[in-house]
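We name chains A, B, ... by the order of the sequence lines, and we start the count at 1 in each one. This structure is a prediction, so every number in the text was calculated from the model and none was measured.
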Amino acid sequence: MSDTAAWKTIARGVLEIIEADDLRKKLSKGTPLNIKLGIDPTSPDVHLGFTVVMRKLRQFQDLGHRVILIVGDYTATVGDPSGKNKTRPILTHEDVLKNAETYKQQFFKIVDPAKTSVIYNGEWFSKLTFTEVTKLMSQITVAQMLEREDFQKRYRGGQPISLHEFLYPMMQAYDSVMIDADVELGGMDQKFNVLRGRELQRSLGKEPQVGLFMPILLGTDGKEKMSKSLGNYIGVNEAPQAMFHKIYALPDALVESYFQLLTDIPLESIQAKLAQVAAGTLNPNALKEELARDIVRQYHGADAAEMAAIQEKRIHAGEALPENIPVFAVPAGEHWLPELIVKAGMAKSNGEARRLIENGGVSFDDAKIGDPKAKAMVSGRHLLKCGKRNFARIEAE
RNA sequence: GGGUGGGUGCCCGAGUGGUUAAUGGGGGUGGACUGUAAAUCCACUGGCUAUGCCUACGGCGGUUCGAAACCGCCCCCACCCA
């Protein structure tokens, strides 16, 4: 293929392409390709983990291709078991539609809506007859289904697998047939499903899609994949300062993959800097700052990124407090401190608040509190601090 | 339908009649250290303004001075056989 720059863009960060040769052929046709992404709008809070795939979609668009976003309103009512060790809770159709709207609003922060078609798969699944479903399911055997790692693990580990979960991969495959997908994007956990699409297309005499698999972005804990339920995520809707801080405080080991998957900064430049860090000639924080700035810029603009960077430094130097400290109004007078801490949402119960105090993590107006029975006199404006980065303003009503 | 093994705190997992929110690990939170990261160390990790009271070991009943543990029924899960 002559267009090596385009190929380089497409291949950046990609874990696996099945088959790369097929993709080269498709690209060389010179006509816009159908790039498919299927989503289950289960959790409308889009975080950076999702953006890895979205950014890839955007790169395809910038090269002239068309994105088809399949909203799995029907598949969501089945619940994709991919990568899960449990049956997923089934959503109501109403929830799915509502979530889809929220999802799209965030999706289009990255993906170009002008080059995107949004299609609900209920469009065809609501019309399939039982006979057609039977025919679809006859395309696969139980043994093939159990090849999928997560099914296999659950089966061996004595975890339940509901039969309806077997429908999911075939439904996803059917989507690809219906829209004539050329490329389907997904994480490695989607490999099995995407390959079903490839095979189903082929068996129906269509040109099979190419599977393009992106790595799973690890979360801020550096261990598990980024996910809302694990609380290790960075949301695309987060405020600049919060976003900046989370990226800046990332474990070192994650920096390279974040650069690769979440920015367009040339890989050579990153590798050169990482080498300097390893050699001890560059402070790792400088690299994290560059990363944080770039990502915050993408979602909030250059000015906000600059402000966040300055603010972050001030906070750590102890010169400033974060912006947007939540304010809680209470009646003037004496208040038992644990009660204030709970009110400010820094602890779930009075008991937890007492323990925080006993552990020496609480200060009120810069005075450390050691006694869980302590009371605070509230008149005017006060600063309550729990731990290193949890601040709240307490104001007299 | 028959058989076997299970259901314990956020997760995993000890515990089989008798102080005690219930060993241990993971995770989480706070502190020390540090680069704001990692690693390490220490503390905390059901609720209640609390020398005590309440709630908790799948559910409901029962035995007992006393049960997560014993008995009965029920619900749920896995595996084997059909």
Side-chain angles (χ1 to χ4, degrees), chain A residues 84-87 146 151-163 165 218-225 227-234 241-259 273-274 276-293 296 308-322 330 333-364 368-376 384-391:
Chain A
K84 301 274 171 178
N85 50 15
K86 278 183 196 166
T87 304
L146 288 177
F151 280 147
Q152 203 175 112
K153 258 192 204 150
R154 282 161 65 189
Y155 189 66
R156 287 211 192 120
Q159 296 292 318
I161 302 173
S162 292
L163 208 51
E165 296 180 62
L218 292 179
T220 52
D221 58 359
K223 292 173 198 153
E224 307 271 6
K225 87 181 229 192
S227 96
K228 195 182 171 190
S229 56
L230 292 172
N232 62 356
Y233 73 107
I234 303 173
Q241 180 63 59
M243 196 182 244
F244 193 98
H245 172 74
K246 284 189 184 178
I247 299 166
Y248 197 44
L250 230 44
D252 288 2
L254 256 43
V255 170
E256 184 174 5
S257 66
Y258 271 51
F259 266 113
K273 282 179 187 166
L274 281 167
Q276 286 177 38
V277 168
T281 53
L282 182 67
N283 186 330
N285 291 340
L287 205 52
K288 284 192 201 174
E289 186 184 326
E290 185 182 348
L291 178 67
R293 254 180 220 261
V296 173
I310 292 168
Q311 194 66 8
E312 182 75 13
K313 271 184 202 152
R314 283 210 194 117
I315 292 165
H316 288 296
E319 289 167 7
L321 297 169
V330 297
E334 275 205 331
H335 290 271
W336 187 44
L337 268 156
E339 187 194 314
L340 290 177
I341 293 168
V342 170
K343 194 158 215 158
M346 292 157 156
K348 284 189 224 99
S349 66
N350 292 352
E352 192 179 319
R354 297 168 78 107
R355 283 179 232 120
L356 263 172
I357 292 173
E358 281 162 11
N359 282 327
V362 177
S363 71
F364 188 75
K368 191 161 212 161
I369 309 297
D371 178 9
K373 291 196 170 143
K375 294 193 175 178
L384 179 65
K385 191 179 169 195
C386 284
K388 280 178 183 143
R389 271 194 74 90
N390 292 314
F391 300 89

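The side-chain heavy atoms of A:Met346 and A:Leu384, taken from C-beta on, include a pair separated by under 4.5 Å. Contact annotation: the side chain of A:Ile357 approaches that of A:Ile341 to within less than 4.5 Å [non-hydrogen atoms, C-beta and beyond]. Using a 4.5 Å cut-off on side-chain heavy atoms (C-beta onward), A:Asn350 and A:Trp336 make contact.
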Polar-atom pairs under 3.5 Å, protein N or O versus N or O of nucleotides 45-49 of chain B: list them with distances, or write none.
from  : atom 1 : to       : atom 2 : distance (Å)
B:G47 : OP1    : A:Ser349 : OG     : 2.6
B:G47 : OP2    : A:Arg355 : NH2    : 2.6
B:C48 : OP1    : A:Asn350 : N      : 2.9
B:C48 : OP2    : A:Asn350 : N      : 3.4
B:C48 : OP2    : A:Gly351 : N      : 2.9
B:U49 : OP2    : A:Asn350 : ND2    : 2.6

Strictly under 3.5 Å: I want the nitrogen or oxygen pairs between protein and nucleotides 80-82 of chain B, one per line.
none

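Whole-Å rounding puts the A:Leu337 CG to B:G30 P distance at 17 Å. Note: CG (A:Asn232) to C1' (B:G28) measures 13 Å, nearest angstrom. Residue A:Lys368 contributes atom NZ, which lies 7 Å from atom C1' of B:G31 at whole-angstrom precision. Rounded to whole Å, the distance from OH on A:Tyr258 to C1' on B:A37 is 13 Å. Atom CG in A:Asp252 sits roughly 12 Å away from atom C1' in B:U34 (whole-Å rounding). In this structure, CG of A:Leu356 is placed 14 Å from P of B:C44, rounded to the nearest angstrom. The interatomic distance linking A:Glu358 (CD) with B:A50 (P) rounds to 15 Å, in whole Å.
Scanning residues 277-292 of chain A for heavy-atom distances under 4.0 Å to RNA chain B yields A:Pro284, A:Asn285, A:Lys288.
B:C57 and B:G2: their P atoms are spaced 30 Å apart (whole Å). Here the separation of B:C48 from B:A39, taken at their P atoms, is 32 Å to the nearest Å. Distance noted for atom P between B:G25 and B:A69: 26 Å (whole Å). With both ends at atom P, the span from B:C75 to B:C11 equals 25 Å, rounded to whole Å. Between B:G7 and B:U55, the two P atoms lie 25 Å apart (nearest whole Å). Here, B:G26 and B:G52 have their P atoms 32 Å apart, quoted to the whole Å. B:A56 and B:A22 have their P atoms separated by 16 Å, given to the nearest Å. When the C1' atom is compared between B:U8 and B:C12, the two are found 11 Å apart, to the nearest whole Å.
Looking at A:Asn232, its side chain does come within 3.5 Å of a backbone N or O of A:Ser227 through a donor-acceptor pair. Of the possible polar contacts, one joining the A:Tyr258 side chain to the A:Leu218 backbone as a donor-acceptor pair under 3.5 Å is found.
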**OP:** Give RNA chain B the dot-bracket treatment, 5' to 3': Watson-Crick (N1-N3 with N6-O4 or O6-N4) or G-U (N1-O2, O6-N3) under 3.5 Å, [ ] crossing, | other strand.
**Re:** ((((((((.[[[..)..(.....]]]((((((.......))))))(((...)))...[[[[[..)....]]]]]))))))).

Under 3.5 Å, sequence neighbours excluded: what are the donor-acceptor pairs made by side chains of residues 280-292 of chain A?
from     : atom 1 : to       : atom 2 : distance (Å)
A:Thr281 : OG1    : A:Gln276 : O      : 3.1
A:Asn283 : OD1    : A:Asn285 : N      : 2.8
A:Lys288 : NZ     : A:Leu250 : O      : 2.6
A:Lys288 : NZ     : A:Asp252 : OD1    : 2.8
A:Glu289 : OE2    : A:Arg293 : NE     : 3.3
A:Glu289 : OE2    : A:Arg293 : NH2    : 2.7
A:Glu290 : OE1    : A:Lys273 : NZ     : 2.8
A:Glu290 : OE2    : A:Lys273 : NZ     : 3.4

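Partners of A:Glu352 according to the side chain to side chain contact (heavy atoms under 4.5 Å, CB included) rule, which considers only residues two or more places apart in sequence or in another chain, are A:Ala347, A:Lys348, A:Ser349, A:Arg355.
Here the nucleotide nearest the side chain of A:Lys223, chosen from B:G27, B:U34, B:G30, is B:G27.
The two atoms that bring A:Gln152 and A:Leu146 nearest to each other are NE2-O, 3.1 Å, heavy atoms only. Summarising the geometry of A:Ala353 relative to A:Val342, their closest heavy-atom pair is CB-CG2, 4.3 Å, with the distance given to 0.1 Å. Residues A:Pro338 and A:Ala374 approach most closely at CD-O, 4.4 Å, considering heavy atoms.
Interatomic distance, CG of A:Leu356 versus CZ of A:Arg354, reported as 12.5 Å (0.5 Å rounding). Between the CG atom in A:Asp371 and the NZ atom in A:Lys368 there is a gap of 14.5 Å [rounded to 0.5 Å]. In this structure, CD1 on A:Ile310 lies 10.5 Å from CD on A:Gln241, to the nearest 0.5 angstrom. Summarising the geometry, atom CD1 belonging to A:Ile234 is positioned 10.0 Å from atom NE2 belonging to A:His245; distances are rounded to the nearest 0.5 Å.
Sequence order on RNA chain B of the closest nucleotides to A:Pro251 and A:Lys388 puts A:Lys388 first from the 5' end. The residue among A:His245 and A:Gly360 whose nearest nucleotide of RNA chain B is located toward the 5' end is A:Gly360.
Taking the centre and axis of the six-membered ring of A:Phe364, the NZ or CZ atom of A:Lys375 falls outside the cone set by 45° and 6.0 Å.
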